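A note on names: the letters A, B, ... follow the listed sequences, proteins ahead of strands, and every chain is numbered from 1. Worth saying up front: this structure is predicted, and the values here are computed from it rather than measured.
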Amino acid sequence: MLDIRELRRDGEQVAARLARRGLTFDLAAFRALDAERKQADMRSQELQSQRKQSSREVGDLVKSGLSVDDAKARVADALAKIDAEMAAEVARAEALHQQIEALLLGVPNPPLDEVPDGKGEEDNVEVRRWGQPRQFDFTVRDHVDIGASLASGQLNFDLAAKLSGARFSVLTGSLARLHRALIDFMVDLHSDKHGYEEVYVPYLVGPEALRGTGQLPKFEQDLFKMQGERELYLIPTAEVPVTNLAANEIIDPARLPLRYVCHTPCFRSEAGSHGRDTRGMIRQHQFEKVELVQLVRPEDSLAALESLTGHAEAVLQALGLPYRVVVLCTGDMGFSSCKTYDIEVWIPSQNCYREISSCSSFGDFQSRRMQARYRHPDSGKPELLHTLNGSGLAVGRTLVAILENYQNADGSVTVPEALRPYLGGRETL
RNA sequence: GGAGAGGUGGCAGAGUGGUUGAAUGCGCACGAUUCGAAAUCGUGUUUACGUUCAUAGCGUAACGAGGGUUCGAAUCCCUCCCUCUCCGCCA
């Protein structure tokens, strides 16, 4: 959420930064609303103050020996005058606060200055590459073909469709095991080598948590919502429950930075992407992800984004998968992010790099929504944290990348060395 | 699922209608004392919003959440959420 004080102080500057995302922020409308709010606030608070005073008077009079009825009679006129105006005025102020909040909740995070301008995917800027895409001396097959014909295990979309319809998958045998191995491998790497604390969280969350990270109120159509008397949603990413661990908390600065690694399934309705990636397990309604989340002091967030991205890259390096890192342009960034690096892994069958991780800094955008704060050592006052997260990595897409990059002419797939301990020493699938 | 008890400040724990944002204790911060420390003494110690140059002052709100009664609610009533104990069931 935008900082309303900054908006008041320097609205032009905020609007200009938002304009880089292709968004027109109606500053005049905001200012008019805020001016009205200010007026309503001051008036309603004044009336409340007067009313409080009258109540005290009754108390004082009763104490000094007057009967309750007589005491009430003394202030009746004053109260009548206040009440004639107060209820409506308080309601007006409340309504204006809600209007302003609703307005602000719908505005995305302004990008950092260093983020490149652009309209969409094509304007993202490559930052670095790692690894050489392998030259194949046979015809490359995609993961769907490989997964359908492997001797030791199967990737089966028909079985999944029977159960749940399109965009689900069933894995059997060595592929199911590889999938599980990837999760363990990633979580171990981040907790043992990169200093993240492993955490297990609910997969169903309430609307408050989703509002905190920015999925609500604007993107409800992307979520799966439960039937039933309680309002619960399946998490679209571990970011939601894990970041919200700090919601409404004032963290002891000695505990910072908080760094969590969390494996969860993720559920996305993929509304609005019906035609995209319909083949294979690139884009599913359900997938596993190992997520990295950091909560840091504001001055540390830029460095934290670099290191977090590096931690995600380390997974690909350990697996020997070629990738590149791009910084997303203003037009391609997520709603809550102020700077995002996408890591894209080489997919041989598509002859291009595809997103396998997205690492973002949110500045204080999420923490303001969820009131995730820490006590500043100098001022002693609670101040907003900065939040970050990144996939480390998307497990299904990692499995796709391994099948395709490590495929052999005979239809088998070589197991990357780093994973062999997790597959009972197995060298090929 | 059945029966009962609760949710108050960093923690413990008072407060069942009146100036109580909240006693007391602990913790914490600063100061005094001390060679230094402990002990002791003193002072201070929730948050949000508004106003403001101001993290000064002032105002408003908040005792799980929301609603109600009342001149006045932490205290009374209703709904919801959560925690604990016992019984049942269960991976």
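For A/R373, there are no side-chain hydrogen bond (donor to acceptor under 3.5 Å, both in side chains) partners at least two apart in sequence or on another chain. Every side-chain hydrogen bond (donor to acceptor under 3.5 Å, both in side chains) that A/E239 has, sequence neighbours left out, goes to A/Q366, A/N389. A/T24 meets the side chain to side chain contact (heavy atoms under 4.5 Å, CB included) test with no other residue; sequence neighbours excluded. When the side-chain hydrogen bond (donor to acceptor under 3.5 Å, both in side chains) test is applied to A/T278, no partner is found at least two apart in sequence or on another chain. Residues forming a side-chain hydrogen bond (donor to acceptor under 3.5 Å, both in side chains) with A/S337 (at least two apart in sequence, or on another chain): A/T340.
A distance of about 12 Å separates the P atoms of B/rG6 and B/rA14, rounded to the whole Å. Separating the C1' atom of B/rG9 from that of B/rA74 is a span of 12 Å, rounded to the nearest Å. Rounded to a whole angstrom, the distance from the C1' atom of B/rC77 to that of B/rC89 is 35 Å. Comparing the P positions of B/rG64 and B/rA56 gives an interatomic distance of 28 Å, to the nearest angstrom. Straight-line distance between the C1' atoms of B/rC78 and B/rG1: roughly 24 Å, to the nearest whole Å. B/rG18 and B/rG7 are spaced 25 Å apart, taking the C1' atom of each and rounding to whole Å. Spacing between B/rA12 and B/rC30 at atom P, rounded to whole Å, works out to 25 Å. Comparing the C1' positions of B/rU24 and B/rG36 gives an interatomic distance of 32 Å, to the nearest angstrom.
Contact check on A/D10 versus A/R5 returns no salt bridge, with no Lys/Arg side-chain nitrogen under 4.0 Å from an Asp/Glu carboxylate oxygen. Here A/K119 does not pair with A/D123 in a salt bridge; the nearest charged N to carboxylate O distance is not below 4.0 Å.
Using modelled atom types and a 3.5 Å distance limit, the side chains of A/Y323 and A/E313 yield a donor-acceptor pair. Side-chain N/O atoms of A/Q284 and A/S169 include a donor and acceptor closer than 3.5 Å. For the residue pair A/Q13 and A/R17, a side-chain donor N or O sits within less than 3.5 Å of a side-chain acceptor on the partner.
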For residues 327-335 of chain A, please give each side-chain donor-acceptor pair under 3.5 Å, one per line with the distance, not counting sequence neighbours.
unit_1: A/T330; atom_1: OG1; unit_2: A/R20; atom_2: O; d: 2.8
unit_1: A/T330; atom_1: OG1; unit_2: A/G118; atom_2: N; d: 3.2
unit_1: A/T330; atom_1: OG1; unit_2: A/G118; atom_2: O; d: 3.3
unit_1: A/D332; atom_1: OD2; unit_2: A/N124; atom_2: ND2; d: 3.0

Quiz: residues 153-161 of chain A side-chain donor-acceptor pairs under 3.5 angstrom, not counting sequence neighbours:
unit_1: A/Q154; atom_1: OE1; unit_2: A/N156; atom_2: ND2; d: 3.2
unit_1: A/Q154; atom_1: NE2; unit_2: A/A148; atom_2: O; d: 3.3
unit_1: A/N156; atom_1: OD1; unit_2: A/D158; atom_2: N; d: 2.9
unit_1: A/N156; atom_1: OD1; unit_2: A/L159; atom_2: N; d: 2.8

Under 3.5 Å, which N/O atoms of the protein pair with N/O atoms of nucleotides 76-78 of chain B?
none

Review item, nucleotides 61-66 of chain B N/O atoms under 3.5 Å of protein N/O:
unit_1: B/rA61; atom_1: OP2; unit_2: A/K52; atom_2: NZ; d: 3.0

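If you take CG of A/D252 and C1' of B/rA29, they are 14 Å apart, rounded to a whole angstrom. The CZ atom of A/R56 sits 10 Å away from the C1' atom of B/rG18 (whole-angstrom rounding).
For A/R375, the CZ atom counts as densely surrounded, since its 6.0 Å shell holds more than 12 non-hydrogen atoms of other residues, nucleotides or ligands.
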Spell out protein contact along nucleotides 46-54 of chain B as letters: B when the base is contacted, S when just the sugar-phosphate is, - when no protein heavy atom is under 4.0 Å; keep the 5' to 3' order.
-SSSSSS--
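Side-chain rings of A/F224 and A/H285 approach one another, their centers coming within less than 6.0 Å.
By the 4.5 Å heavy-atom criterion applied to side chains, A/Y374 and A/L295 are not counted as neighbours.
Scanning residues 70-85 of chain A for heavy-atom distances under 4.0 Å to RNA chain B yields A/K72, A/L79.
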Under the rule of Watson-Crick or G-U wobble with both distances under 3.5 Å, where | means paired to another strand and [ ] a crossing pair, RNA chain B maps to ((((((((.[[[..)..(.....]]]((((((.......))))))((((((.....)))))).[[[[[..)....]]]]])))))))....
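Between A/Y196 and A/H194, the ring planes are perpendicular. Angles over 60° get that label, and only those under 30° would be called parallel.
In terms of position on RNA chain B, the residue among A/V68 and A/E46 whose nearest nucleotide sits closer to the 5' end is A/E46.
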